[in-house]
Trainee: 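I'd like to ask you about the structure that follows.
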Amino acid sequence: MTAVERTQREPGDDVLIEVKHLKMYFPVTSGVLVQRTVGYIKAVDDVSFVVRRGETLGLVGESGCGKTTTGRCVLQLYRPTAGSVLFDGEDLCSMNGRELRGMRRYMQVIFQDPYSSLNPRMTAGDIVGEPLLVQGLATDRRAYRERVAELLSLVGLRTSMADRFPHEFSGGQRQRIGVARALAVNPQFIVCDEPVSALDVSIQAQIVNLLEELQEKFDLTYLFIAHDLSVVRHISDRVAVMYLGHIVEIAGRNAIYATPLHPYTKALLSAVPIPDPVIDTQRERIPLAGEVPSPLNPPSGCVFHPRCWMATAECQQVIPELREVQTGHFVACIHAPGYGSP
Amino acid sequence: MATLLEVKDLRTHFFTREGVVKAVDGVSYAIEEGETLGLVGESGCGKSVSALSIMRLVPDPPGKTVGGEIIFDGQDLLKLPDSEIRRVRGKQIAMVYQEPMTSLNPVLTIERQLTESLELHLAMSKTEARREAVRRLEQVGIPDPERRLKQYPHQFSGGMLQRVMIAIALSCNPKLIIADEPTTALDVTIQAQILDLMKNLSREYGVSLLIITHNLGVVARYADRVNIMYAGKVIERGTARDIYRHPSHPYTLGLLNSVPRLDLPRTEKLDPIEGQPPDLMHLPAGCAFRERCRFAIARCAQEIPPLRPVSAGHLSACFVAETLLSRAKEHAA
Amino acid sequence: MAEQSGSIAVSSGVPIRGLMPGGAIWKHISRFARRKPLGAFGAVIALILIIVAVFAPFIATHDPAATNGALVYAPPGSQLLLGGDQLGRDVFSRLVYGARVSLYAGLLSAFIGASIGMVVGVASVHFGGKTDLIVQRIIDTMMAFPPLILAITIMAALGASLNNVVIALTIAYIPSAARVLRSQALAIKEMDYILAARAIGASHGRIIFRCMIPNCLALYIVLVSVFLGTAIVAEATLSFLGIGVPPDVPSWGGMLNGAAQTYVHLAPWLGVFPGLAIAIVVFAWNLLGDALRDVLDPRLRGTW
Amino acid sequence: MQAYIAKRCLLFIPTLLLATLIAFLLLRVIPGDPALVKLAGETGDASFTQAELHDLQVKLGTDKPLYVQYGKWMWGMLQLDFGQSMYFEEPVAQDLIDKFPITLELTVLAMLIATIIAVPLGLVSAIKQDTPADYISRFISIAGVALPNFWVGILIVYFLVLFFAWMPPLGYANLWEDPATNLQQFIFPALALGFFEMAFTARVTRSSMLEVYREDYTRTARGKGLAERVVILRHALKNALLPVVTISGFQFGRLLAGTVVIENIFMIPGMGRLLLDSVFHRDYTMVQAIVVVITVSVLVLNLVLDVLYGWLNPRIRYS
C-alpha cells in the first residue's frame with residue numbers, strides 16, 4: 001500500500017468509491033491491413049482517490065486533462081486499462097457485463113451536453129422512465145406512470161411535460177430531464193460530468209441548486225467534474241485537480257482554494273476572472289506560458305514541468321507521487337512545502 | 001476622448017418561416033477612441049448580431065438590418081455602398097471570432113490568410129506582406145513564425161489559432177477590433193493569455209476594443225465601460241465599476257448574484273434567476289424581463305421601460321432603477 | 001453556450017423534426033405541403049402513380065396484350081388515345097399496366113435494399129472492431145461496381161423476369177444503403193444518449209432498437225424515396241436493354257426497346273410517351289425525396 | 001502525404017482481389033453451372049446427355065471446385081489471359097483490347113462535358129441563390145436527374161434524324177487517325193451519356209457551395225473586406241469542390257455502365273455493346289472479364305482521386 005491509499009482512506013471512514021491506480025490508455029493504431037498499436041494516449045495515468053458517502057468530490061482541470069475519462073472509467077462506461085474501482089468494497093473492474101448492469105441501480109451519470117444526451121426520438125416521460133423498465137423497478141403500468149410523474153416534479157418540471165420531445169424543451173429544462181433520468185433508479189452515487197457548463201449563466205445556478213437539494217434529500221454522493229473553479233468550490237466538499245492524466249492535488253475545499261500548494265492549481269485559480277473590476281485588478285496573477293502537451297507524448301518526470309515556473313532539473317526526471325503534506329491535503333510536487341525528499 | 005463609433009437605435013431582425021425574430025431591437029451604444037467596451041448577455045440576447053450588423057456581415061436572408069444608424073468616422077455604415085463598406089472591413093474595423101478552429105480557412109496557409117488583407121488594404125507587395133506577416137505573428141507571441149506561416153490551421157492549437165486571428169485583425173492597424181466571444185472556446189489559462197494579449201496590444205496601438213461575452217468576469221477585468229443586453233435590448237450601461245458595484249437593473253443584479261465567486265466566502269445556496277429566457281419571436285408586452293423579475297410592478301407589464309440615466313454615465317432600463325441603485329450603494333457601504 | 005430554444009436543435013446533429021408519432025399526422029402533412037409545395041406536388045404525382053398501378057384494369061381502355069393488325073403504328077388520337085405499337089397494341093393501356101411493373105420493381109427493391117442496408121450498417125457499427133472493418137472493406141469494394149453493371153451481371157445469371165429485376169436491383173442498392181446508414185449509425189454511436197442508455201444498464205438489443213434504429217429512420221425513409229426514383233429508371237433501363245422484364249409484359253422501358261433505330265420514321269410517338277411517363281414519375285419522386293430530405297434530415301443535402 | 005499515398009496503394013491490392021472475387025462469385029454462385037445453362041439453351045428445355053454435359057464441363061473447367069476455378073482465372077488474368085469466350089470460343093482479351101479504348105473515350109468525353117457544364121452551373125446557382133438564374137439551373141438539374149439516359153439518347157437520335165436526316169455512322173473512326181469524324185461520332189452519344197451526371201454534379205456543386213457559404217471562414221474572409229469574387233475564388237471554391245472530387249469516382253463508374261445503353265442506341269462498337277451481346281449469348285467468361293475491367297477502372301480512378309483529394313486537402317497532406 002502506498003501512502004496515498006493509507007492516508008486518503010482513514011479507518012472508520014465511510015468510503016463509497018475507492019479508485020486505485022486507475023489507468024486508461026487509448027491505443028493509437030496504424031497500418032493498412034493489420035492494425036498495430038503504435039502508441040497510447042494516456043488519458044488517465046495512475047489516478048487514485050476516494051469518495052466518501054454523502055460528500056461531493058470536485059474534479060477540475062482543463063480540456064483534455066482526463067477528468068471526463070476518469071468519470072466514465074469509474075462508472076465502467078469505459079473499461080479501464082489497469083487499476084481498480086471499488087464500489088462499497090466491490091471491485092467494478094472485475095465484474096462482467098451482466099453484473100455491471102445490476103450495479104447501474106446504484107450509480108448514475110449526468111452529462112454535459114443537454115442536446116446529445118437525450119434521445120431525440122423518445123419523450124421526456126420515456127427517457128425518465130426507461131431506467132425503471134431496464135432495471136425492473138416498475139411493478140405495473142400505474143406505478144410506472146406515478147414514478148415518472150414524481151421524478152419530473154422532483155426536478156421542477158410539470159408532469160404534463162412527459163409527452164413532449166426533447167427538442168421542445170430549453171437547455172436548462174433538458175438538463176433537468178437528464179437529472180431525473182439519473183435519479184430514477186434511486187442511486188447512491190452520481191457522476192456529474194460538467195452538468196452546467198453548456199448552460200447559460202442564469203440557468204447554471206438553478207441546476208446547481210437542484211443538485212444540492214437532491215443530494216440532501218436522498219443522501220447522494222457526487223463526483224462533480226467541471227472546469228469552472230467557482231462552481232466547483234461552491235458545490236464540493238473536497239476538490240481534486242487534474243493535469244494531463246494525473247491528479248496533482250487533492251484537498252478539502254477551503255484548503256485548496258485558500259492555500260493551493262501545487263503550482264498548477266495556483267495558476268489555474270489566478271486565471272479565473274472575478275466579476276468585480278476593483279478586486280480583480282488587485283489580485284496576484286500567475287500567467288502560464290505555453291499550452292498543454294499532447295497526452296500521446298507526455299513530458300518526462302512531472303508532466304507539468306515544461307510550463308512550471310518552479311521547475312528544476314529534478315522535475316524532469318522524477319514523477320512526483322501524491323503525498324499528504326497537511327492533514328487531508330495531498331499534492332504531487334516536489335517543491336511543495338512539507339513534501340519532503342522525492 | 002472622441003467618439004469612434006456610434007450605434008443608434010439599431011434593429012436587426014431575422015425573417016424565418018415561423019415568424020420574425022427581433023434579435024436586435026433598438027440598440028444604441030457608442031465606443032470612444034482607445035476605449036474597451038464590453039457587451040454582455042446570454043446566448044440569444046442579440047449581442048453577436050449587433051456586432052455583425054456593424055460589419056454588415058449578418059447573413060441575408062434571413063437577417064436584415066431594418067432600422068437605425070451606425071456612424072463611424074462621420075458616415076453611416078449602413079448606407080455605404082458595398083465597395084465602400086469593404087474598405088472599412090478589415091482596414092478600419094476588424095473582427096476576432098468565437099471559434100478560431102472554424103473561422104480560418106482549412107485549405108489555405110496561415111501566410112495566405114494573413115497577407116491577403118495586407119495586400120488588399122495596404123497595397124503591399126508579396127515580399128513586404130510576408131515580412132509584415134512574420135512581424136505580426138511574433139507580436140502575438142507565436143514562436144518560430146517563419147515556419148508557422150507555411151502551415152495550415154489544423155496544425156495549430158485553439159489558443160494559437162486565436163493568436164493568428166488577432167494578428168490578422170491587427171494587421172492593417174484598424175481603429176476598432178470587435179472580439180465576439182474571443183475566449184469562450186478556450187481553456188481558462190489560455191483565455192487569460194489571449195485577453196491579456198488583446199488588451200496590451202490595444203493599449204499599445206490605441207485601438208478601441210468591443211468585447212462581446214457572456215462571462216461577466218472577462219469584461220470586469222478588461223472593459224472600461226459595459227453594456228448589458230437582454231432580449232435584443234441594452235438594459236444597463238455604465239463604467240465597469242458602476243455595473244459591478246452598483247447594478248441598477250434586476251437582470252444585471254441577478255446575473256451577478258447567480259454566479260459563485262472565488263473572492264467571496266462561499267454561500268450556502270446560489271441565487272439563480274428563475275425561469276427561462278424569453279422567446280424572441282413572442283416577446284411579452286412591456287419589459288421582457290418582467291416574468292423573471294423580483295421587483296416587477298404593475299407598470300412593467302404595460303410599458304417597455306426606456307434606457308435612462310440613473311447617475312452620471314450610468315443608465316438603466318428599469319422603472320425601479322433608483323431603488324436598486326440606492327440599495328446597492330447601501331450594501332456596498 | 002449552447003442554450004437554445006425553439007424547435008431547432010443544432011448540437012445534437014440528429015434529425016428531430018418531422019416523424020412525430022400519434023394523431024398529429026394530418027397536421028404534419030398539411031404543414032409539409034405548405035412548406036414544401038414542390039414536394040407536395042411530387043407526392044400527388046406519386047399518389048397518382050400508385051392509383052394508376054392499383055386500378056390499372058379499370059383505367060386501361062384496351063387489353064394491353066391484344067394485338068390488332070389494323071392498328072399497327074396507328075397515330076395517337078385516331079382510334080387509340082396514344083396510338084398503337086408495332087403489333088397494334090394500345091400504347092395507353094400498355095403505359096397504364098407498365099406503371100404496375102415500375103412501381104412493383106421500384107418499391108420492392110428500394111424497400112428491401114434499404115432495409116438490408118440498414119441492418120448491415122447498424123449491426124456493423126454496433127459490433128465494431130474487426131467485423132466493422134471487414135464489412136467496410138466489402139462495402140467499399142462493392143461500391144466500385146456501378147449499380148447498373150451489378151444489375152446487368154445478376155440479370156445475366158438469373159435470366160429476364162420481373163422478380164429477378166427486383167433481386168438484381170435490391171443487391172445493387174445494398175452497398176450504398178449500408179454505407180450511408182453505417183455513417184449515420186457511427187454518428188449516433190458517438191451521442192451521449194447511447195452512453196446514457198449504457199449507464200442505466202440497457203441491453204444491446206435495447207440500445208439497437210430503442211436508440212440506433214429510431215434515429216436512423218428519417219434517413220432510411222429518405223433513402224427509400226430516393227432509391228425508388230432511381231429504381232424506376234433502372235428497371236426501365238434493364239427492360240429497354242431487353243434483359244429486364246420479358247418483352248410480352250408491358251413495361252415502360254420495354255416499350256422503348258429498339259425505338260431509336262426502328263420507329264423514328266414510322267411512329268416517333270412510340271419513343272416519346274413511355275419516356276415521358278418515366279421522366280414525370282421520377283421527377284416527381286425526386287421532388288418528394290428532396291423535400292423529405294430537407295424536412296427530415298437537412299444535413300444530407302447534396303450527398304447524392 | 002507519402003505515407004497516405006503508400007497506404008492507399010497498399011489497400012488497393014486486397015480491394016482488387018476482393019473485387020475480382022465478387023465478380024467471379026456473382027456469375028458462378030447464382031446461376032449454378034454455366035455448362036448446364038449453355039446446354040439448356042435460351043428457354044432452358046433443350047435436351048442433352050450427361051456425357052455431353054461432362055465434356056462441356058471439362059472444356060470450360062467448371063468440373064473443378066470453385067476455388068480452383070477462381071485461382072486459375074486469377075492466375076490467367078495476371079498474365080493478361082482473361083480466358084476463352086464461351087460463345088466465340090476464342091480468347092476474350094483481344095476483344096477487350098479492341099473495344100475498351102472506344103468505351104473509355106466515350107466515358108471520358110461524357111465526364112468532361114458533364115463537369116465543364118455542371119460546375120459553373122452549380123456555382124452560379126449557389127452564388128445567385130433564389131434568383132431566376134438559380135431557378136433555371138435547379139430546374140435543369142432536377143429534371144436532368146429524372147431523365148433516363150436511354151430516353152435522352154433516343155430523343156437525340158430522333159432530333160438528328162428528323163431535322164438533319166442524320167444516320168448513325170457505320171464503322172468506327174479512330175480518334176488519332178481521324179479526329180474530326182471520331183468527334184462527330186462521339187459528341188452526341190457523350191452528351192446523352194453525360195446528361196445525368198451533369199445534372200447531378202451541378203446539384204452537388206450547388207449544395208456544397210451553399211454549405212461553404214455558411215462556414216465561419218467565409219464570413220472571416222468577408223470580414224477582411226475582400227471582394228466577393230476573391231471570397232468565392234480563393235476561399236470558397238477549393239473547399240466546395242472537395243465533395244465534387246469525392247463523388248467523381250462513382251460518377252465515372254456510372255458513366256462506364258451507361259455506355260451499355262448509349263452504345264446500343266448509337267451503334268458504337270465498344271465494350272458496353274459487347275457486354276450486352278455477351279449477356280444475350282450467355283458468354284459468362286466475357287461478361288466476367290468486362291465486369292472486372294470496369295471495376296478495376298473505377299478502382300484505379302478512385303485511387304487517383306484519393307491522391308488528388310489528399311493534395312487538395314491539407315488535413316490529409318500533413319498528417
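Below, chain A is the first sequence line, B the second, and so on; all start at residue 1. The structure presented is a predicted model; accordingly, all values stated were derived computationally and were not measured.
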Trainee: I'd like to know if C:Asp132 and C:Arg182 make a salt bridge, using a cut-off of under 4.0 Å between side-chain N and carboxylate O.
Mentor: yes

Trainee: Under a 4.5 Å heavy-atom cut-off, does chain D meet the side chain of C:Ile138, its backbone, both or neither?
Mentor: both

Trainee: Show every donor-acceptor pair shorter than 3.5 Å between a side-chain atom in residues 292-301 of chain D and any protein atom, with sequence neighbours excluded, or say none if there are none.
Mentor:
from, atom 1, to, atom 2, distance (Å)
D:Thr295, OG1, D:Val291, O, 2.7
D:Ser297, OG, D:Val293, O, 2.6

Trainee: Using a cut-off of under 4.5 Å on heavy-atom pairs, state which of C:Pro274, C:Gly253, C:Ala151, C:Ala236 scores highest against chain D.
Mentor: C:Ala236

Trainee: Report which part of D:Leu276 has an atom under 4.5 Å of a heavy atom belonging to chain C: side chain, backbone, both, or neither.
Mentor: side chain

Trainee: Name the member of D:Ala23, D:Pro243, D:Gly249, D:Gly258 that forms the most heavy-atom pairs with chain C at distances under 4.5 Å.
Mentor: D:Ala23

Trainee: Taking the cut-offs as 6.0 angstrom to the six-membered ring centre and 45 degrees off its axis, would you call C:Arg94 and C:Phe273 a cation-pi pair?
Mentor: no

Trainee: Taking D:Val287, D:Leu147, D:Ile22 one by one, which has the highest count of heavy-atom pairs under 4.5 Å against chain C?
Mentor: D:Ile22

Trainee: Counting heavy-atom pairs under 4.5 Å with chain D, which one of C:Gly275, C:Pro268, C:Ala279, C:Pro146 comes out on top?
Mentor: C:Gly275

Trainee: Are C:Ser124 and C:Gln136 linked by a side-chain donor-acceptor pair shorter than 3.5 Å?
Mentor: no

Trainee: Side chain, backbone, both or neither: which part of D:Val145 has a non-hydrogen atom closer than 4.5 Å to chain C?
Mentor: both

Trainee: So what's closer than 4.5 Å to chain D heavy atoms on C:Leu276: side chain, backbone, both or neither?
Mentor: both

Trainee: Does any donor atom in the side chain of C:Tyr173 or C:Thr230 lie under 3.5 Å from an acceptor atom in the other side chain?
Mentor: yes

Trainee: If I compare all heavy atoms of C:Leu181 with all of C:Ala114, which pair ends up nearest, and what's the gap?
Mentor: CD1-O, 3.9 Å

Trainee: Among D:Asn302, D:Val261, D:Leu275, single out the residue with the greatest number of heavy-atom pairs under 4.5 Å to chain C.
Mentor: D:Val261

Trainee: At a heavy-atom distance under 4.5 Å, which candidate from D:Ala257, D:Gly253, D:Ser278 has the highest pair count against chain C?
Mentor: D:Ala257

Trainee: Suppose the criterion is ring-ring contact (aromatic ring centres under 6.0 Å, His included): which pairs have a residue in residues 136-169 of chain C, not counting sequence neighbours?
Mentor: none

